[in-house]
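All remarks here apply to the structure that follows.
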Amino acid sequence: MWKHLLTNLKSLGQKSNVMKMGNPWNAPSLRCLCTWVSGFVAAPASARPLAVFRIGIAAVLLAQAYAYSESLVALYGSLGIVQSPIAELMAPQGVPRISWLVEALTPWGVAEGDCIRGLFLLYVVGLAGLLVGWRTPWMAVVAWLTQLTLKTSGTASAYGVYEFANIALFYCVWMPVGHAFSLDVRRGRVSGEPSSGARLALRVLQLHLCVVYFASGVEKASGTQWWDGEAFWRAVMRPDAGPFDFSWLADVPWIAKLACWGTLLIEIGYAFFVWPRWTRKAWALASVGLHVGIGVILGLWSFSAVMIVFTASAFLISPESLVSDTASEEQKGDIQDAGATNISSGA
Amino acid sequence: MGRSRVPPPILGPVMTKRHALATAVATCHLLLVACSAARVIPAPTSIVEKSLRCYGEYSGAANGYGYFAPGVASQWGVTFSLYDKENNKWTDGPWSGDNNEVKLRIGTILSMFASDESREHLAASWAGMMFARHPKAKVVIVKSQVYILPSMAEYQSGERPHWEAVHVEAFAHEPEISGPEE
């Protein structure tokens, strides 16, 4: 990747204007770097990938909310599976939780169950608003805060997908996710034009994903189970895993080993191979495939769907709507790599 | 070389002050994400640390991402034996939820039985829930168990997975009633 970036910098340096010497900011290498950085984070980009992110996340979380809607009191009630004294101990400090709401509303005669159901309804309304892109920033705030409250109150039962839902909804608050495929665009509340903000947002999403996969891969690689194939065996043989019987794996342990090594390669390699344009699509699709496998085999469908939405919107949806149709494929590649899209037909 | 043959120059876009500030904030956010992922405490002083942790909780930047790492943990389960005043016994569980999502969430709670510190508290909490579900019950015995899965080589040589009881605890609804012996 570094070689690729250096080549990219060099080509940008060759293409940049004549530099004035004397001022350190005008030194060729620094200027090249600044040009590359500004192109990387500020070149106007279409908000389409972010809109796909918004719609995908809202759709998955709505389906997930429907799945646990019948168990709200058991999961979040003070007399639920994890009762309030224990839940309070587990919850992080300073983060909103249902008990705060209950304390505030009990004097008004509102029961705990109604508080939980009301908060959940608000969460669903926020997600629905996000899905269609109606008053998107406000709906994102509602969905984010209600999800955070529900997650904090149910800390003991919140697994990975709830962390990613929190991350995604937080990003929906700050990112221009409603600037494409939304009612806000239709009604003229936002322009829908490519923007620097969309580029920066996309970069944050992309870099965050690289951290996620790299950290996950490295932590896995630090244990022996991921090298001898036992991790795959142990994951698929859990009684709570999907409906398939994988006991035959014991006779062909090399398959389990291969599955583990493949996972390590995809996760650790993600941070490096998802950037060069000749490996980007393959790597993104490989990680999508990994999550499809996790969803089908382990039954972690909501986690898998959220991760697929993350990768698809960050790396598989093109943000390059400003590229002139007359630009060559090579130029488009350069533009996508450097993040500089400021080409017009007259340039 | 004619002008028309030269590819159009790629111009770095001009960053406004506002965008530069947004970029700086985003960089700090991503640094926190990376530090949290690497399990590095980002700041030495407690006030800063608390503020960062709070921000991390709100934004999701404080997460680690070691899913199924460094290895896949064993699955935990729990069963309940209930007794009424007349010492009639019946059982409940293993309770796993109505659908896959709820099953996963309960599985997450059950995985906390692996911790010696939280096991007793969780057992008490589940016993409380059982008393609510079964108003006639006067005693609940909570048995937490772990699924022992042999390695692939052990499985090949004939060993089979099984549940193994790890912790048994009795809870009485009324203190004067003594728990029956199992």
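Order of the sequence lines fixes the chain letters, A, B, ..., with proteins taken first and strands second; residue numbering starts at 1 for each chain. As the structure is a computational prediction, the values presented were derived from the model and not from experiment. Heavy-atom basis, side chains included; hydrogens, waters and symmetry copies ignored.
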task = Identify the two heavy atoms, one from A:K220 and one from B:Y67, that lie closest to each other, and give their separation to 0.1 Å.
result = NZ-O, 3.1 Å
message = Let me confirm one number: the CZ-NE2 distance from A:R199 to B:H19, rounded to the nearest 0.5 Å.
response = 9.5 Å
request  = Kindly compute the distance separating CG (A:L89) from CD (B:E117), expressed to the nearest 0.5 Å.
outcome  = 11.5 Å
ask   = Nearest heavy-atom pair of A:G94 and B:Y58: which atoms, and what distance?
value = O-OH, 2.9 Å
query = Step by step, would you call B:Y155 with A:L249 a side-chain contact (heavy atoms from CB on, under 4.5 Å)?
reply = CA-CA 10 Å; B:Y155 193 92; A:L249 266 179; over 6 Å; no
request  = Answer yes or no: are there more than 12 heavy-atom neighbours, outside B:Q156 itself, under 6.0 Å from its atom CD?
outcome  = yes
query = What distance do A:W301 atom CH2 and B:N100 atom CG have between them, rounded to the nearest 0.5 Å?
reply = 8.0 Å
message = Test side-chain contact (heavy atoms from CB on, under 4.5 Å) on A:F170 and B:H29; report intermediate values, then the result.
response = CA-CA 12 Å; A:F170 176 76; B:H29 173 79; 3.9 Å; yes
ask   = Going through the checks in order, is the side-chain contact (heavy atoms from CB on, under 4.5 Å) test met by B:L30 and A:V211?
value = CA-CA 9 Å; B:L30 286 172; A:V211 171; 5.7 Å; no
task = Working to the nearest 0.5 Å, report the span between CG of A:L79 and CZ of B:R133.
result = 13.5 Å
query = A:Y162, A:F214, A:F232, A:Y213: which one forms the most heavy-atom pairs within less than 4.5 Å of chain B?
reply = A:Y162
ask   = A:E230 side chain to B:M152 main-chain N or O, any donor-acceptor pair under 3.5 Å?
value = yes
task = Check the side chains of B:S74 and A:R234 for a donor-acceptor pair under 3.5 angstrom, ignoring hydrogens and angles.
result = yes
inquiry  = Tell me the closest heavy-atom pair linking B:E57 and A:N166, and the distance in Å.
reply    = O-OD1, 3.3 Å
